[in-house]
Structure formats: C-alpha cells, structure tokens
Amino acid sequence: MRVLKFGGTSLANPERFMQAAELIEKAHLKDQAAGVLSAPAKITNHLVAIVDKAQAGESYQPHLAEATEIFHSIINGLHQANPKFDREGLIALVEAELSQICGVAEEAAKAKHCPDNVSATVHCRGEKLSIAMMEEWFKAKGYNVTRIDPVEKLLAYGSYLESSVDIAESTKRVDAGSIPKQNVVLMAGFTAGNEKGELVLLGRNGSDYSAACLAACLKADCCEIWTDVDGVYTCDPRLVPDAICLESMSYQEAMELSYFGAKVIHPRTIGPLVPLNIPCLIKNTGNPEAAGTLIDGNVATDGLKVKGITNLDNVAMFDVSGSGMQGIVGMAARVFSTMSKAGISVILITQSSSEYSISFCVPSKSVEKALLALNAEFAQELKDGSLDPVEVTKDLSVVSVVGDGMKTSKGIAARFFSALAQANISINAIAQGSSERSISAVVPMNKAIEAVKSTHQALFNNKKVVDVFLVGVGGVGGELIEQIKRQQDYLAKKNVEIRVCALANSNKMLLNANGLCLDNWRADLENATQPSDFDVLLSFIKLHHVVNPVFVDCTTATSVANLYARALKEGFHVVTPNKKANTSSYAYYQEMRENARQSQHKFLYETNVGAGLPVIENLQNLLAAGDKVERFEGILSGSLSFIFGKLEEGLTLSQATLIAKEKGFTEPDPRDDLSGQDVARKLLILARETGLALELDDVEVEGVLPQGFAEGKTASEFLAMLPELDEAFAKKVAEATACGKVLRYVGSIENGRCRVAIKAVEGDDPLYKVKNGENALAFYTRYYNPIPLLLRGYGAGNSVTAAGIFADILRTLQGGAN
C-alpha cells in the first residue's frame, strides 16, 4: 500500500484534479493506493472568510460566489472528460454543503460569534467535497472505492481546531486487513474525531499530517506528498532561484527544517512515520517524472554538510533577567512551566552563561498571553526588584541552518554568521541544537530574506554575485559599463557575476533587481522616467532584499560624496574615484570608516590618487606590516605631467596646455588642473592614510598660475591670456636646465607638512624622467630608504581609471571590512 497526498494546488482545476487522479490510479495498479486530499486551492480561505465576514456583519457573498465557481469549474471539467461522471449529483452536493455553511454564517452573524466546534465543521468542508468528487471520478471509471471516514477512524486529542492523532488506537479502527485489495482508498485530509466522535481539525495545512497518520495506520510502504515543487529545496526557491533540490534527507533533518519554517513539509508530518521507518517521498504533481526528495531513516549527506536554510517569521523574543536569576534553582523550570500552562509553544531557548538571563522565542500571536502569564508568575520578584521587567522584542524571525553533516564539519557556524554580517544583519540571539544538527539565529524579520539569501550563497553557491548601483555614466562611468560587459564571460568562468542593477545620472535612473540589460543602456537611460533619488535606491534594495549591493560613484559631485557615510551604514559597499569624500572634513572622513567597520562593508577608493595605479592598497599593506612613511614625493597629475614634460621639450606653457586640452588630458577648463587643487586633494588623501589628521586647508598649494590670473574670465578667454605667462615660465625652465634639472609639479609630505609646488629635480631623482601623462609616487619609508618604493604608470584616462574601479568592485567579494 502506498499513500498519496495531494495539496490544494494539485486539485485547483479540472486538469490538475485529473492528473492527481491519474497518479493515484497508476499507484493503485502497481500497488494498492490510498489518496488523501486537501481542499482545492483557495477554498479553505473562502470558507473561513464566509464565517469571519458574517461575524463581523460584513457581506460574504463574494467568497461564496468564488467558492461555488471553483467547485462548478472542476465538476464541469470532470464531466466533460468523462460523461459517466455524475455532474448533477455533485453539483447538488456542493450546493447543499455551501447552503449549510451559509446557515452557520447566519447564526454566527446573529451571535457575533462562531464556536470552535462549529467552525471546525466549516473549515474542512473543502476536503470533504474533494473526496466526493474523486470518489465519483473513480466510480465513473469502473473502480470500487473504500472511503475512510477520518472522524470515525482517526482518534485525536486536543482542541477542535488543532489536535494530534493517537496512532495506536487509530490503527485498530482503520483495520487495514478489512479493506478489499482491489479497492481504491480515499480519505479527506485535515480532519479526525475526538473521543466523543466530534469532528476536530489537525491544524491548518494538516493534510500532510493526515496522510502520514494514515500511512502509519495502514503500515504503508511509502507516504508520498504531492505538491507544486520538485521536492525539498535547500531554501525557498522563490527567494533564491539557484536553490538546490535535495535527493534525500533524514527524518531528523526534515523535522528540524519543517519546525523552523520549511513550507513544503508540515511540521508534524514526519513523526508518525519514524517508528515504522516508512519513507516519505516529496513529489511534484506538475512534474511527476522528477525524482523528488526521499525522506527516511538513513543519514546520507549527498555531499552536502548542510541540507537546508529556513526562516520562521512572526516571532517575538522574551528576555527574563535580573540578579534573582543567578544561582537560584528552578527559575528556568518556572519560566517554561508557565509557558506550558498557558498553552504557548516555545520555539527557541538561549541562556547566558552567567545565569543572569533566559531568552526564548514564541509566535507573535502569543505575546500578550505570554507576558500576562510571566508577570503573574513572577509578580513578587518583579515587585522586589530581583527580576527586571520582562523585555519583549517583536517582529523577529528565526533563521536556521540544518544538516546531519554539520556535527562532523568545521566552520559551518563561522560561515553562517559571517554571511549575516556581510548582509549587515544584526543578531538578537543564537541557539544550537544539542544534536548539533541545527544552528539558529534570531534576526529582525525585515532582514530574514537577506539572511537566507546571503547564507545560501555562503554555504551552497560557489558563484559570487555583486550587484552594482552606478551613479555617473560619463567618460569613466561609461567605460566601466563597457568593461563589465566585456568581462562577463571571463568572470563567469571564475564563478563571478556582476549585475548592474542601477544606472543613474544627475536626472534619471534605471533599476532592475535581476540586473539591467546593458546592450542599449544609453538609450534606455535617456528614456527612463524614474528621477535620480538615493532614498528610492535604498527602498529598492530593501524591497528586493539585495544581499551584496555596491554603490559606485563615478561623478565628481560633492552631493553624491556626502551620501557615502549613509550608504555604508545602510549596507552598501562604496567604490569611488571621486576624491570629494576623502578630502571633506576629517570628522566625515572618520565617520565613513567607522560606518564601514560597524557594518562590515568596504569603502574602496584606489582610483582617488593614481587612477589605475595600486597606490592605496600598497600603502595600506605597508602600514599594516609595521612600516612607516618618513617622506613622500610624487607627481600626482597626469595632465600636469604631460604639460611639464612638454616644457622640457621646448614648448611654451600656453602651447603645452593647449595640446593637453586637445588630447583630453585636462578638464574642460584647464585652470582646474593648473590651480593645483586636484593634486592637493590627492596629497591629503595620502597624508590621511599615513595617519595625519589634516584638513584640505592645511595643504600648502603653489599653483602653476599666479594668484588671481584670468579670474572671472571664461575658459576661452583664459587660454587667450595664457601666453602672457610664457616668458616667465621659459625663464624658469632655462634656469633649471642650466643646473641639469627639470621642472616637475610635485606633491610632498614630510614632518607632518603637505606641500604642492613646482620643483626643479635632479637627474638622480626618481621623478626626473616622469612625463607624458605618467604618474609617479615615491615612498621613503622605514623599510624603503634611501631607495624609495616607486609606483609609476599612467595616471589619467578613462580606461585605466575604470579598470581601477572594476578591480575595487571585485575586491568587495573578499571577506572583512577595510
């Protein structure tokens, strides 16, 4: 005998109903089968709503009409498929049952109340009608049917709305030997009978439990749960598309997962099967050829140390604490005895090692009842101050990692909690089962989905995903997008995927949680209707539970740089070539780093100083290794490197500047380069990296231009006036040449002083040959002296800057905060 249970989605319409019937028939022909049915999808909700609406004095007619339509649709479809199917008889039965429910509703409307025993008879009417339709279908096909009445055969104890079955007594009542072998067996799920013979329910969604109980009573070879997914997944596949369908699970793993919220198995399903070692097979009605998930007494890892990640929502945590807890025998017993007497299920327990506090979680619906019970039990202790007022934290979820292989595997807990930290999720409590089969963390409910996603990626997925939110799509930003497009195939081979989830300019932005198509991104952004708004961006990542968002700023805007501290606090990594944030006030500089540290996210700005040159990372590594910068000199402007190189070749200042502008080396207004402020910002960033608490005003700047030169003039007017300075500059060049030196625009740090100025350097100076747009940075340190550590290469250009940003984006995949 095999027991096959079909849920509501497997019975939702005529086609699915007939498919369920076909599966029962095939199993019956192979080895006698029993079918256990739920109500068709949505029916139970409508039946519950009919009585609830009536009690509230509201109209229930829309629910009645839709329930009627669902049944009529199924019945008409079955009759069309087989004219022998008794359409008229079933329609009459449905009308009679729904009419009776309307009678109950009218009584409830008068009394403003419906007793639980009466509600129970209404809630399960859908299962009763499912069985009636299935019985008539098999009779129309010529089969004999044995219908097991669960109210008569399954003895249960508990309340009218949630009871548990006595398997031993029910087995005697069912009497498997009395069922003819040729008969198809059918039983309604969700229901049983108490000692008085009254109908009781087995809890909402209890048809799985009904099937397991029947399988135990019949000593079936297998209990099959037919649903709308291919089996039990490592987590909810609706949340994580690459969740893995498991081949097998042990009974214990299945019970842990279902207890902590796995939707595919009812929490009590496995219990009746364990004593008889009856396997449970989870199958998909819509894909019957799929292997499904086998649950039995064997512990098989299938190569997976962890079998699943679940989230149990709508949980509240109680904290009972105080000096009166320490060393007092029986306090914990009183706490949980109180919960037991109040009929409240305790989900999770954790206690401090100091015995100062006990924390436990209960369903949110039980909060008020639990608080009243605890305050009554400990009234004296609360009054005399030996216990603190009971603390309640609401809106929580329990996220659990489950697997038999965890007890023999090291590092699972570390990876679990690191994943939560990476997703910027605070943990309210931690508990590990004594079997070492599960680890649970209590987290804010609005972060539960991120927790599941991040944990699944850490434990199951070799593929690493970065979600990029890019602001600024000009020269550098546009080149970065093109580089990301070009590298997708290469990165895929390395199990890395970069998804650009947002593109924004100063006016508009595009958003897509699954990644934007970048084929025509310029036109798409031009046609976008969503205004650029950082708050919308934050709402977007929270709505879609983005796990690893990276905020990339390719603008030069101070307004965008001022968002970094908030972005880091909200859970973004921040990657930027924009120097404005790191050269803002020292207080803001520290705030960004503190937010990055607290949120365990990265703030990366390698391109702030040397474009594509690895300056910041190398400097940080030197300092981390105990080195100390004693002196620094560098050429930090690609445009000024080019201009001063041309002066050396005999060009005038105006000629060199015009060529640099034409080649795109300078800003649209070359005064922005010649002022020296850009070099000053870069120098300040380096100085702060070495530990100097300086402000931008502390940097001494000698510009290339005399103070006030061409002030108030347009860029064109400035260029027209620039030849006025050629003679003076030619004289400086000649003086340097006469001494065997060349002029360079140098930033220096020494003895806590930062200075930017024109400097004549000798032939043995590492900056002597640096020109043509190159940058060069010479670090004289405790370890590198008298020969400095020299970093040299092109320091300007969209391609090298974008490549540096790209490298920083990839560095967000590395563990830990910077």
Side-chain angles (χ1 to χ4, degrees), residues 42 44-56 58 108 112-120 122-124 156-164 190-191 200-209 236 255-269 310-320 335-350 358-378 389-400 428-429 431 440-449 451-452:
K42 299 182 181 179
T44 303
N45 287 340
H46 287 307
L47 299 183
V48 171
I50 287 171
V51 177
D52 288 348
K53 293 281 188 180
Q55 289 181 78
E58 301 173 16
K112 304 293 184 185
H113 174 69
C114 184
D116 285 352
N117 62 328
V118 177
S119 292
V122 173
H123 296 179
C124 67
Y157 298 95
S159 68
Y160 287 111
L161 300 180
E162 186 154 2
S163 290
S164 298
F190 191 32
T191 55
V200 297
L201 303 182
L202 301 179
R204 193 68 189 269
N205 300 317
S207 293
D208 290 2
Y209 178 50
D236 190 336
M255 285 190 282
E256 292 267 12
L257 282 172
S258 61
Y259 179 75
F260 284 117
K263 306 295 189 296
V264 75
I265 317 169
H266 189 274
R268 295 193 291 169
T269 301
T310 64
N311 58 296
L312 182 62
D313 297 334
N314 296 305
V315 167
M317 187 170 73
F318 282 71
D319 185 61
V320 181
V335 169
F336 299 116
S337 175
T338 300
M339 292 299 95
S340 177
K341 289 175 185 176
I344 296 169
S345 173
V346 175
I347 298 167
L348 175 147
I349 302 167
T350 182
I358 294 174
S359 298
F360 60 92
C361 293
V362 303
S364 293
K365 63 183 180 182
S366 303
V367 167
E368 299 304 323
K369 189 177 180 182
L371 189 57
L372 285 172
L374 287 170
N375 285 338
E377 173 67 26
F378 295 102
V390 177
E391 291 185 14
V392 183
T393 307
K394 300 178 182 179
D395 299 321
L396 300 174
S397 293
V398 179
V399 176
S400 301
N428 294 71
S440 298
V442 182
V443 304
M445 191 164 70
N446 63 359
K447 286 286 190 176
I449 295 177
V452 171

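Residue numbers count from 1 along this sequence. Given the structure is predicted, the values throughout are model-derived calculations rather than measurements.
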Side chain Ser397, main chain Asn311, donor-acceptor under 3.5 Å: no
Side chain Ser364, main chain Asn314, donor-acceptor under 3.5 Å: yes
Ala429 to Thr350 - nearest heavy-atom pair and separation: CB-CG2, 4.0 Å
From CA spacing to verdict: side chain to side chain contact (heavy atoms under 4.5 Å, CB included), Tyr209, Ser164: CA-CA 9 Å; Tyr209 178 50; Ser164 298; 3.8 Å; yes
Donor + acceptor pair across side chains of Ser359, Asp319 (<3.5 Å): yes
Between CG on residue Leu372 and OG1 on residue Thr338, distance to nearest 0.5 Å: 12.5 Å
Euclidean distance, Ile347 CD1 relative to Ser440 OG, rounded to 0.5 Å: 10.5 Å
For Met339 against Leu374, the heavy-atom pair lying closest together: CE-CG, 3.6 Å
Shortest non-hydrogen contact from Ala448 toward Val443: CA-CG2, 4.3 Å
Main-chain N/O of Pro115 paired with Ser119 side-chain donor or acceptor, under 3.5 Å: yes
From CG (Asp313) to CE (Met445), nearest 0.5 Å: 6.0 Å
Whether Phe360 and Phe336 hold their rings parallel, tilted or perpendicular, with breakpoints at 30° and 60°: perpendicular
Pairwise distance CG(Leu201) to CG(Asn117) - rounded to 0.5 angstrom: 10.5 Å
Ser207 to Phe190 - nearest heavy-atom pair and separation: OG-N, 3.6 Å
Minimum-distance pair of heavy atoms, taken over all atoms of Cys114 and Gln55: N-OE1, 3.3 Å
Inter-residue atom distance Leu257.CG - Leu312.CG, 0.5 Å rounding: 12.0 Å
Backbone of Gly206 reached by a side-chain donor or acceptor of Arg268 within 3.5 Å: no
Shortest non-hydrogen separation from Ile265 to Ser258 and the atoms involved: O-CB, 3.5 Å
His46 and Thr44: CA distance, side-chain angles, deciding distance, side chain to side chain contact (heavy atoms under 4.5 Å, CB included) verdict: CA-CA 5 Å; His46 287 307; Thr44 303; over 6 Å; no
Student check: side-chain heavy atoms of Val442 and Leu348 closer than 4.5 Å: yes
Residues Val390, Asn375; criterion side chain to side chain contact (heavy atoms under 4.5 Å, CB included); working and verdict: CA-CA 8 Å; Val390 177; Asn375 285 338; 4.0 Å; yes
Side-chain donor or acceptor of Ser159 paired with backbone N/O of Glu162 under 3.5 Å: yes
Trace of the side chain to side chain contact (heavy atoms under 4.5 Å, CB included) decision for Val392 with Leu371: CA-CA 8 Å; Val392 183; Leu371 189 57; 4.1 Å; yes
Flag, side chain of Lys369 to backbone of Ile344, donor-acceptor distance under 3.5 Å: no
OG1-CG distance between Thr393 and Asn428, expressed to the nearest 0.5 angstrom: 6.0 Å
